[in-house]
Amino acid sequence: MTAMALSTPLTMSRLGIDVDTRDTRLELVSDVTLEVGEREILALVGESGSGKTLTARAALGLFPPHAHTSGAINLHGTEVLTASAAELRSLRGKDAAMIFQEPSTALNPVFRVGWQIEEGLRAHGVAPRAERKRIALDMLRAVGIPEPETRYDYYPHQFSGGQKQRIVIAAALALRPSVIIADEPTTALDVTVQAEILDLLRQCRESFGAAIVLITHNMGVVADLADRVAVMYQGRIVEQAPVDELFATPRHPYAQRLLAAVPSLGASTGSDDAPQPPRAQPQAASGLPDPGGSPAVAASGLSVSFATGWRKPRFAAVDDVSFEISHGEVLGLVGESGSGKSTIGRAIAGLAPVSAGSLVVLGGDISRTRGAVRRALRRKVGYVFQDPATSFNPFLTVEESVAEPLLIHRAAPNARARTARVLELLDAVQLSRGMASRRPYELSGGQRQRVGIARALALGPSLLVADEPTSALDVSVQAKVLDIFQELQRELQFACLFISHDLAVVELLADRIAVLQRGALVEIGSAADVIQRPTAAYTRALIGAVPLPDPVAQRARRAAALTRADPHPPSKPHLI
Amino acid sequence: MSEISRVPSTQTLALLPARDSSYWRRALRSRSLVVGASWILLVGLSALTLPLVLQLDPYSVAPTQRLQGPSLEHLAGTDSYGRDVFARLLSGALTSLRVGLIVCLVTAVAGSIIGVLAAFNSVLDQILMRICDGLMAIPGILLAVSLAAALGPTISNLIIALAIVYTPGLARVVRSRALAVRSDTFVEASRVQGARPVHIMVRHILPNTFSITAVQATFIFAESVITEAALSFLGAGVQQPLASWGNMLNQGKDVIMQAPQIVVFTSLFLVLTVLALNLLGDGLRDTVDSRGVRPQPRRARSSRKRPPRDATARAIEPEGTQL
């Protein structure tokens with residue numbers, strides 16, 4: 001609000017950040033020059049490790065330990081790189097504020113949220129208590145928290161994830177900063193909540209006049225919110241352009257690849273039906289005997305509930321769900337976090353107890369069998385886990401990890417046959433054979449997830465459960481993993497339950513899609529039907545909330561949604 | 001090694017040394033680990049070789065040469081029987097290190113087995129942990145003294161007493177680590193593949209508890225050396241004429257006015273050895289625990305991901321290059 005003379009609140013010129021490690025000096029960011037104009041939303045995109053977070057944090061004078069900087073950053077007339085600690089303190093929060101990725105860790109669980117919003121005000125010497133409280137309440141109201149007077153005294157755990165992110169935004173806005181740095185503000189949130197937070201950020205700009213530096217890897221979010229985009233790759237900005245221009249004609253090859261890798265909702269059924277061959281005759285393609293006629297998975301009235309405590313009602317994670325997966329079919333399972341989609345996958349693999357109904361997997365009931373029968377059943381079910389970082393024993397090499405199922409089921413006559421099979425599997429997931437002797441932490445996330453697929457396929461399963469296999473990966477890496485997955489599925493014809501929160505990914509892979517909401521099945525049908533002609537209101541809301549990775553289309557849709565009255569009336573913020 | 005390298009480049013990553021050697025180098029960079037290990041090795045090797053080389057005999061009595069001061073012939077003087085104190089120091093070192101090493105090995109093996117088993121079966125867990133609680137309530141010295149009184153003061157009884165006292169503590173530590181590892185996804189992955197519990201325990205859980213066991217066992221080593229000395233000092237441990245730092249101190253205290261060097265040298269050896277063992281344990285912990293004070297060049301970008309175990313430069317993922 002001060003220093004009106006400056007039209008550009010934030011400029012960086014030839015910024016470089018080097019970090020000393022034990023052996024060498026790494027150049028993490030180099031030669032970054034960018035400007036953020038007043039009321040402008042600049043999106044910094046790039047994959048993990050490209051330096052986008054480092055660059056944005058540098059605006060606040062936040063650097064990793066053992067960092068060396070070069071160049072210049074001018075924030076509202078202050079030279080950040082040469083500023084003293086006291087100058088930096090007065091600048092943080094007041095001239096520029098930060099919104100973090102994970103709202104549940106950005107708030108301190110032992111303090112009331114009102115106190116936490118006021119923290120910045122206290123640090124910047126807003127003295128009267130009443131004044132601080134007034135501002136905090138205004139902010140809570142502005143970000144759309146209902147009944148701010150009561151909620152002021154709540155603790156973070158009493159809010160949902162989306163509300164917590166609103167509170168983090170309220171705390172960031174409290175001092176009316178001219179620049180807000182939003183570091184993946186919606187990555188940890190569900191799509192419907194994400195849409196609300198994006199609306200809120202837009203209003204931050206419109207009502208508070210804040211410029212926003214938006215760090216994200218989601219091109220849909222970029223298309224929805226940004227005015228200008230800077231693409232970062234290997235620590236450099238490779239392309240900077242207005243959002244329409246970038247999406248229409250990306251110039252740098254990396255930007256082109258990045259945009260090409262984004263799965264777009266409704267794309268695969270719209271234009272190109274041809275590359276998706278009908279997969280109706282998959283019988284006996286895999287080497288395993290298929291019990292004639294019966295589906296790979298048949299769930300009827302399936303319920304999974306967990307004890308919540310002594311003499312407390314059980315929590316029903318999955319409630320009366322019925323579906324079938326035929327042999328060779330891919331069923332996509334979508335829903336928001338907490339909808340019970342992972343629980344269904346775990347129940348199929350026998351990791352979660354079935355409390356009611358029946359679940360027949362490959363002709364056997366995995367939850368009610370024991371010992372050898374259960375092991376025989378598990379031999380035919382593969383499982384790909386969500387987080388590639390923790391799903392491998394750090395003490396085992398890639399080869400040992402992939403060979404483990406072979407070892408457990410004594411499926412290979414000797415060590416040489418095991419090695420041969422492992423190499424064959426690594427070829428199948430397009431990893432070089434040299435990887436066999438590496439350990440999991442020496443691989444990248446995408447490579448690790450491919451090892452995960454190789455392990456799941458080691459015994460030639462007739463059913464594969466893939467639990468959000470790509471949600472921890474970058475877009476471009478995700479595209480590669482999905483490609484491999486699709487190819488293998490077509491080749492090996494295993495039935496698959498593909499769990500994801502990303503509708504576009506599911507649409508790409510699945511023959512049929514099932515939508516879950518709070519443990520109940522809302523809709524099930526062919527992929528095209530569910531995406532193009534959803535019948536359930538929840539499915540429509542879910543599809544409507546996904547931002548299209550195309551700024552023009554997204555803008556049109558937003559305009560249409562506005563004229564059609566807001567679909568989320570309670571979340572509509574009342575700005576002061 | 002100090003050239004500037006571009007970040008997400010597969011070439012750079014491929015050129016980095018393999019982890020095994022970096023483990024070694026990390027260990028060698030830890031000053032406390034190197035200092036501690038060197039002292040223990042020095043004492044152990046001298047105790048094994050010097051008596052042969054210098055023709056030292058800790059038991060040869062020379063009544064004419066009682067309580068002499070340090071000289072070229074007797075480096076640390078002689079005791080009240082005229083025995084060479086330096087020879088007895090080395091012999092005592094052998095006793096201490098032997099007791100400490102055996103106790104620490106027995107404890108490590110027994111504690112790991114108990115801890116991993118307890119983490120795996122809730123019924124067994126209750127039984128084993130209650131037994132451990134009971135044993136932890138017994139003071140170590142008291143148990144050793146009573147064993148010595150009942151079965152006779154021999155080195156093996158001493159080892160048994162110390163192992164009984166120290167195993168429960170280690171078992172508890174291993175159990176908590178095993179419980180944490182058990183909830184990791186790779187254990188679940190193994191279970192989904194149909195692995196039997198024994199397979200999971202041996203192949204997945206046990207190796208992941210090694211690091212914590214090694215650190216804990218080193219500290220038990222140090223404590224055993226102290227406790228052995230204390231018991232021998234009290235007469236419930238190693239008996240004369242066998243040499244132990246404890247019984248040498250006991251003997252030296254009677255003649256502290258005439259020959260203070262006996263107590264001084266023995267205490268010095270005892271203190272330095274225990275200090276070295278503790279340094280070794282500290283260094284080991286820093287080496288094993290990757291969340292140490294080492295610089296981490298990369299910021300965590302996703303809270304769902306754990307930082308990689310080995311967060312050196314190799315952790316920077318070259319995802320962009322595989323498009």
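Side chains included, hydrogens not; waters and symmetry mates left out as well; all remaining heavy atoms used.
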Colleague: Taking atom CZ of Arg130(B) as the centre, does the number of heavy atoms from other residues, nucleotides or ligands within less than 6.0 Å exceed 12?
Modeller: yes

Colleague: Checking the side chain of Asn208(B) only, and the main-chain atoms of Asn393(A) only, is there a donor and an acceptor separated by less than 3.5 Å?
Modeller: no

Colleague: Side chain from CB out, backbone as N, CA, C, O: work out which of these in Leu377(A) comes under 4.5 Å of a heavy atom of chain B, or both, or neither.
Modeller: neither

Colleague: So what's closer than 4.5 Å to chain A heavy atoms on His204(B): side chain, backbone, both or neither?
Modeller: both

Colleague: Chain B heavy atoms under 4.5 Å from Ile215(A): which part of the residue, side chain, backbone, both or neither?
Modeller: neither

Colleague: So which heavy atom on Ala349(A) is nearest to which on Val192(B), and how close?
Modeller: CB-CG1, 4.2 Å

Colleague: What's the verdict on side chain to side chain contact (heavy atoms under 4.5 Å, CB included) for Phe186(B) and Leu396(A), showing C-alpha distance, side-chain angles and the deciding distance?
Modeller: CA-CA 11 Å; Phe186(B) 60 81; Leu396(A) 301 183; over 6 Å; no

Colleague: With chain A, which of Thr185(B), Val181(B), Val187(B) has the greatest number of heavy-atom pairs at distances under 4.5 Å?
Modeller: Thr185(B)

Colleague: Looking at Gly434(A), Pro405(A), Ala479(A), which one has more heavy-atom pairs under 4.5 Å with chain B than the rest?
Modeller: Pro405(A)

Colleague: Taking side chain as everything from C-beta outward and backbone as N, CA, C, O, which of these in Phe392(A) sits under 4.5 Å from a heavy atom of chain B? Side chain, backbone, both or neither.
Modeller: backbone

Colleague: When rounded to the nearest 0.5 angstrom, what is the spacing between CZ in Arg375(A) and CZ in Arg196(B)?
Modeller: 3.5 Å

Colleague: For Arg378(A) and Arg191(B), indicate whether the former's side chain and the latter's backbone hold a donor-acceptor pair under 3.5 Å.
Modeller: yes

Colleague: Compare every heavy atom of Ala189(B) with every heavy atom of Ser391(A), then report the nearest pair and how far apart it is.
Modeller: O-CB, 4.3 Å

Colleague: Please name the pair of heavy atoms, one in Glu404(A) and one in Ser190(B), separated by the smallest distance, quoted to 0.1 Å.
Modeller: OE2-OG, 2.9 Å

Colleague: Working to the nearest 0.5 angstrom, can you tell me the gap between Phe395(A) CZ and Leu206(B) CG?
Modeller: 9.5 Å

